[in-house]
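Values in this document were obtained by computation on a predicted structure and should not be read as measured data. Remember, it's 1-based here, ligands and their atoms both numbered in the order they're listed.
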Amino acid sequence: MEPRGCPHSLRVLLLPLLLIGVCGFFQSHAVEVDIKDSSNATCLYANWMMRFLITYETNTGDYKTTTLNLSSSVTHNGSVCGNDTQAAFVAVQFGEGHSWSNNYTKNNETYQGDFVTFTYNTNDTAVFPDAKRKGLVTVVLRDPMPPIQLNSVYVCHSTDAIEAENVTQIFWNVTLQAFVQNGTVSKKEFRCSADTPTSAPTLVPTVANVTTVSTTTLSPAPTTAPKPVEKPAIGNYSLKSGNKTCLLATVGLQLNVSQDKPLLININPKTTIADGACGNTTATLKLNDGNSTLISFAFVVKNTSASAQKFYLKEVNVTLLNRLNGSVILSADNHNFSKWDAFLGSSYMCQKEQTLEISEDIQVHTFNLRIQPFLVEANKFATAEECIADSDLNFLIPIAVGIALGFLIILVFISYLIGRRKSRTGYQSV
Ligand SMILES: *[C@@H]1O[C@H](CO)[C@@H](O)[C@H](O)[C@H]1NC(C)=O
Ligand SMILES: *[C@@H]1O[C@H](CO)[C@@H](O)[C@H](O)[C@H]1NC(C)=O
Ligand SMILES: *[C@@H]1O[C@H](CO)[C@@H](O)[C@H](O)[C@H]1NC(C)=O
Ligand SMILES: *[C@@H]1O[C@H](CO)[C@@H](O)[C@H](O)[C@H]1NC(C)=O
Ligand SMILES: *[C@@H]1O[C@H](CO)[C@@H](O)[C@H](O)[C@H]1NC(C)=O
Ligand SMILES: *[C@@H]1O[C@H](CO)[C@@H](O)[C@H](O)[C@H]1NC(C)=O
Ligand SMILES: *[C@@H]1O[C@H](CO)[C@@H](O)[C@H](O)[C@H]1NC(C)=O
Ligand SMILES: *[C@@H]1O[C@H](CO)[C@@H](O)[C@H](O)[C@H]1NC(C)=O
Ligand SMILES: *[C@@H]1O[C@H](CO)[C@@H](O)[C@H](O)[C@H]1NC(C)=O
Ligand SMILES: *[C@@H]1O[C@H](CO)[C@@H](O)[C@H](O)[C@H]1NC(C)=O
Ligand SMILES: *[C@@H]1O[C@H](CO)[C@@H](O)[C@H](O)[C@H]1NC(C)=O
Ligand SMILES: *[C@@H]1O[C@H](CO)[C@@H](O)[C@H](O)[C@H]1NC(C)=O
């Protein structure tokens, strides 16, 4: 294995866990940006850690997921303080042509992130070995950070992740203040909800010693989390294209992670954010449960020339992150599904529990599923095509009636036979 980078597929589990642990710790560096105004006073301050999981296509047509960490040499050219009229801007450049930026606006009470822009360079062969597409790829998305009171500092030690266009951006240990007043970073903290004690660290206990991770702890499977026996709550998710809803989903989700011990994780719809993209022939729904679990579903339209086209679920990806440091605990992907199919213009429904096998160790259970990834009109589900499991009951009734009738006929036949034999014996005895 090459000493540099951990670019190898995260799809194969377990073995890379060790690598990820080690790489994660040795190759992640905190970024600090401290911008001064004309009077040499701090006007924008940010200190954070981040990492990117990027799925790219290789020359052989496979998809690989690689990890891009920040190198030790990060520049912050182009960062500006901003004022009432101009947005504040944090921009960093690192590695072989990668860059990340975020702009912030304020009103009279709060400041807020506007857009996150991430550009990666697939020419960086250490990170993107064998990439088919060479050059810069840019991902732009809205910053999910809530509005923060002016003159307070945003702090989030827990891991937060945002996903868009084949990239998962992972942040942790974030301290940020835009529009700093009087040159001093405020003492007033705004803590992200994930840092609050009620949502205590999950999945993996604090890793105090890296060396210990690589030698003894090969069981990142959580042992402390209680096993939820109840069914997951049902969530309603949607995506928009412009101001039109383009994808609708209703589903209860439960992960079954069985590395050393089986573990069920219910996805909490209340904390889950939907993201993704709609297209004419492909659509992706990405769910981030705000608790370091990321699940994405990719749908495609079947390549048929028939006038009545169908769509189906093609790919599901599950990633579990360590909430404390953003390292990947597990990442699994199955892009060979051919499930949940229905005619374009209708929705797919399956009330019964369904299981999607992502890998040997990860399954996704769905409950009360209804989904429409294409041609959503007026923010409503179209007619549903139901899964066979659901219609079971319906065709069980005729079967039951059939069986009952069959029994009746047999019964009548047997009575007839007995009757005949009786009468025959009657004759003989005479
Ligand atoms: C700004 O302050 C730093 C130390 O706080 C000092 O080294 C630097 O020379 C100052 N720059 C200007 C332009 O005053
Ligand atoms: C805001 O900053 C820009 C550039 O730094 C400057 O040109 C502009 O005059 C400033 N506006 C105000 C209202 O200070
Ligand atoms: C922030 O950056 C995005 C992307 O570069 C841009 O579209 C947007 O207009 C910027 N926002 C402000 C307020 O400048
Ligand atoms: C902030 O601006 C809004 C309108 O944009 C106004 O209603 C509000 O009173 C202002 N708040 C302060 C503290 O000035
Ligand atoms: C990437 O490499 C290609 C040639 O392989 C070159 O044409 C292109 O300019 C490079 N792009 C960047 C951003 O380095
Ligand atoms: C994202 O991945 C899909 C396949 O999963 C691929 O078709 C698409 O080109 C990728 N997009 C980018 C920007 O790499
Ligand atoms: C900044 O300084 C001014 C006067 O120097 C003071 O009135 C104001 O309260 C200070 N603001 C903060 C946030 O410390
Ligand atoms: C971390 O591991 C090293 C080597 O095993 C050991 O020397 C050191 O004491 C450990 N540190 C802590 C804090 O346990
Ligand atoms: C949003 O919808 C309104 C009508 O509901 C329409 O007039 C407007 O053009 C739409 N905006 C976009 C960006 O699609
Ligand atoms: C998607 O479909 C719409 C409506 O049929 C069409 O206007 C648009 O050009 C299509 N987009 C692509 C990328 O094919
Ligand atoms: C986060 O996940 C853990 C373990 O799965 C669970 O116990 C906890 O309730 C979750 N927290 C939230 C806010 O969903
Ligand atoms: C996060 O920051 C705290 C203090 O700011 C530090 O003690 C801790 O080591 C950092 N965690 C990671 C994973 O870097």
Exercise. Between Asn236 and Thr250, do the side chains contain an N or O donor and an N or O acceptor separated by less than 3.5 Å?
Worked result: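 Yes, a side-chain donor-acceptor pair sits under 3.5 Å.
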For this session: Give a yes-or-no answer on whether the side chains of Asp361 and Ser258 include a donor-acceptor pair shorter than 3.5 Å.
Result: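 The answer is no; no qualifying pair exists.
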Can you tell me the protein heavy atom closest to [atom] and the distance?
atom                    : value
atom 6 (C) of ligand 3  : Asn103 ND2, 4.1 Å
atom 11 (N) of ligand 3 : Asp114 OD2, 2.7 Å
atom 7 (O) of ligand 3  : Phe115 CD1, 4.4 Å
atom 5 (O) of ligand 3  : Thr117 OG1, 4.1 Å

For this session: Mind telling me whether Tyr104 and Tyr111 have parallel, tilted or perpendicular rings, with 30° and 60° as the class edges?
Result: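 Plane angle over 60°, so perpendicular.
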Exercise. Under 30°, 30 to 60°, or over 60°: which ring-plane class applies to Phe52 and Phe94, parallel, tilted or perpendicular?
Worked result: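 Ring orientation, 0 to 90° scale: parallel.
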Under 4.0 Å from [atom], do we find at least one protein heavy atom?
atom                    : value
atom 9 (O) of ligand 5  : no
atom 2 (O) of ligand 3  : yes
atom 14 (O) of ligand 5 : yes

For this session: Kindly give the heavy-atom pair with the smallest separation between Tyr154 and Cys192, and that separation in Å.
Result: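 In terms of heavy atoms, the two residues are closest at OH-CB, 3.6 Å.
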For this session: Give the intermediate values and the outcome of side-chain contact (heavy atoms from CB on, under 4.5 Å) for residues Phe299 and Ile371.
Result: CA-CA 10 Å; Phe299 296 86; Ile371 189 151; 3.4 Å; yes
Problem set entry | Gap separating the CD1 atom of Ile329 from the OG atom of Ser292, nearest 0.5 angstrom |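 Reported to 0.5 Å precision, the distance equals 7.5 Å.
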For this session: List every atom of ligand 3 that sits less than 4.0 Å from any heavy atom of Thr105, numbering the atoms from 1 in the order shown and giving each element.
Result: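 Every atom of ligand 3 under 4.0 Å from some heavy atom of Thr105: 13 (C).
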Exercise. Does the N or O separation between Asn123 and ligand 5 drop below 3.5 Å for any pair?
Worked result: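 Yes; at least one N/O pair falls below 3.5 Å.
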